[in-house]
Amino acid sequence: MKRGSGAVSAVICACACAAAAPALAENPLGAYVGAGVGESNVGNNNYYDYGYYGGYHDHDAAWKAIIGIRPLPVVGAEVEYIDFGSGNGNSGYYGSSFFYSNASSHPKATVLYGIGYLPLPLPFLDVYGKAGAARLQSNITTYAYPGGPCAPPYTACPAPTAFRTDQTDTKFAYGAGVQAKFQDFAFRAEYERIDSQFGDPAAFTVSATWTF
């Protein structure tokens, strides 16, 4: 009886390995794709090149696309493109005979993340942190009104001078999240942020991914 039971167990194990082998061969790195939407925090808390102090933060819709791999249960990597949307603000900064206001900022980034997953005993749940490098594109416009303060909606103001900054930098990015898995799909909620001298763009997003 013992020998027979051992033989049956061996056959079952062999069949399970054989069934799993094609899936592993098709996607040995655990590759996945996904997309997400959420809310961003966009603004500026530092001086522009033109002497304008931003000092504002605004919320807008954010969206992103994701390509990633997870070759091991506790380690993965992702390439992400995220558009933080446009933020608008008015700090009312006055300097050099100009009133700087009606500013806007639209940061976008391509980010390479390394991801670490906590070794939880729950196969359907992941908690993770991620860090990496972002190629951050900052598009900033500031309007300088001559002669002193000018109140919104700016229609009765003197003609302003527009200053625009289009700058691309490599910056540190980081985040954390949680995801629930169902078959080949995962549904996640996460927060991420990118360091920037123009104010750190950040977003809270919900995403869906598919492991193929």
Side-chain angles (χ1 to χ4, degrees), residues 17 19-43 58-87 105-140 165-212:
C17 292
L24 185 62
E26 291 175 4
N27 191 1
L29 294 178
Y32 57 89
V33 295
V37 295
E39 184 180 61
S40 65
N41 187 351
V42 178
D58 191 20
H59 297 281
D60 198 20
W63 65 271
K64 64 183 177 181
I66 306 163
I67 300 175
I69 59 172
R70 189 175 178 180
L72 298 173
V74 296
V75 176
E78 281 183 358
V79 175
E80 174 185 295
Y81 176 82
I82 181 166
D83 188 320
F84 290 95
S86 297
S105 176
H106 188 179
K108 296 164 282 187
T110 301
V111 193
L112 175 60
Y113 283 117
I115 305 177
Y117 297 88
L118 292 180
L120 300 178
L122 302 173
F124 59 87
L125 184 67
D126 285 320
V127 177
Y128 59 90
K130 57 184 186 178
R135 193 64 175 165
L136 177 64
Q137 181 181 353
S138 301
N139 304 121
I140 303 163
T165 298
D166 294 302
Q167 186 165 321
T168 302
D169 303 285
T170 301
K171 297 294 183 179
F172 177 66
Y174 58 95
V178 58
Q179 71 176 8
K181 295 177 288 185
F182 177 74
Q183 296 182 354
D184 295 332
F185 295 92
F187 305 92
R188 60 168 66 172
E190 65 182 7
Y191 173 84
E192 56 196 309
R193 186 174 182 137
I194 301 175
D195 290 339
S196 172
Q197 71 269 33
F198 298 116
D200 301 343
F204 177 81
T205 56
V206 291
S207 308
T209 64
W210 172 58
T211 301
F212 52 86

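The chain is numbered in sequence order, starting from 1. Atom set for the values below is all heavy atoms of this structure, side chains included, hydrogens, waters and symmetry mates excluded.
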Legend entry - Contacts of F124 that satisfy ring-ring contact (aromatic ring centres under 6.0 Å, His included) - sequence neighbours left out: none
Legend entry - NZ on K130 to CD on E80, rounded to 0.5 Å: 4.5 Å
Legend entry - Any side-chain heavy-atom pair of S196 and P201 under 4.5 Å: yes
Inset, instruction - Output yes when a side-chain donor or acceptor of H59 lies under 3.5 Å from a complementary backbone atom of S40, and no otherwise. - result: yes
Legend entry - Considering all heavy atoms, the nearest I82-A203 contact: CD1-CB, 4.1 Å
Inset, instruction - Enumerate the residue pairs fulfilling side-chain hydrogen bond (donor to acceptor under 3.5 Å, both in side chains) with a member in residues 110-127, sequence neighbours excluded, ordered by first and then second residue. - result: R70-D126, Y113-E192, D126-Q179, D126-K181
Inset, instruction - State, to 0.1 Å, how close V42 and G87 come at their nearest heavy-atom pair, and which atoms those are. - result: CG1-N, 3.9 Å
Inset, instruction - Would you indicate whether F212, at its atom CZ, is surrounded by more than 12 heavy atoms from other residues, nucleotides or ligands within a distance under 6.0 Å? - result: yes
Inset, instruction - Search all heavy atoms of I69 against all heavy atoms of L29 and return the closest pair with its distance. - result: CB-O, 3.6 Å
Legend entry - All side chain to side chain contact (heavy atoms under 4.5 Å, CB included) counterparts of T211, not counting sequence neighbours: N27, Y32
Inset, instruction - Return the minimal non-hydrogen interatomic distance between A35 and I66, and the atom names on each side. - result: N-CD1, 4.5 Å
Inset, instruction - Answer yes or no: is there a donor N or O on one side and an acceptor on the other, between the side chain of D83 and the main chain of W63, under 3.5 Å? - result: no
Legend entry - Results of side chain to side chain donor-acceptor pair (under 3.5 Å) for T205 - residues two or more places apart only: K64
Legend entry - Distance-minimising heavy-atom pair for G85 and P107: O-CD, 3.6 Å
Legend entry - Those residues that, when tested against Y174, pass ring-ring contact (aromatic ring centres under 6.0 Å, His included) (two or more places apart): F172
Legend entry - Rounded distance [0.5 Å steps], CZ in R188 versus OG1 in T209: 5.5 Å
Legend entry - Over 12 foreign heavy atoms within 6.0 Å of CD1, I67: no
Inset, instruction - Might you point out which heavy atoms bring A173 and I194 nearest each other, and give the distance in Å? - result: CB-CG1, 3.9 Å
Legend entry - Any L136 side-chain heavy atom under 4.5 Å of F198 side chain: no
Inset, instruction - Name all residues meeting the ring-ring contact (aromatic ring centres under 6.0 Å, His included) criterion together with F204; count only those two or more places apart in sequence or in a different chain, and write none if there are none. - result: none
Inset, instruction - Applying side chain to side chain contact (heavy atoms under 4.5 Å, CB included) between Q137 and each of Q167, K108, H106, report the one that passes. - result: K108
Inset, instruction - Quick one: pull up CG in D195 and CG in D169 and give me the separation to the nearest 0.5 Å. - result: 11.5 Å
Inset, instruction - Measure the OG-CG distance between S138 and D166 for me, rounded to the nearest 0.5 Å. - result: 9.0 Å
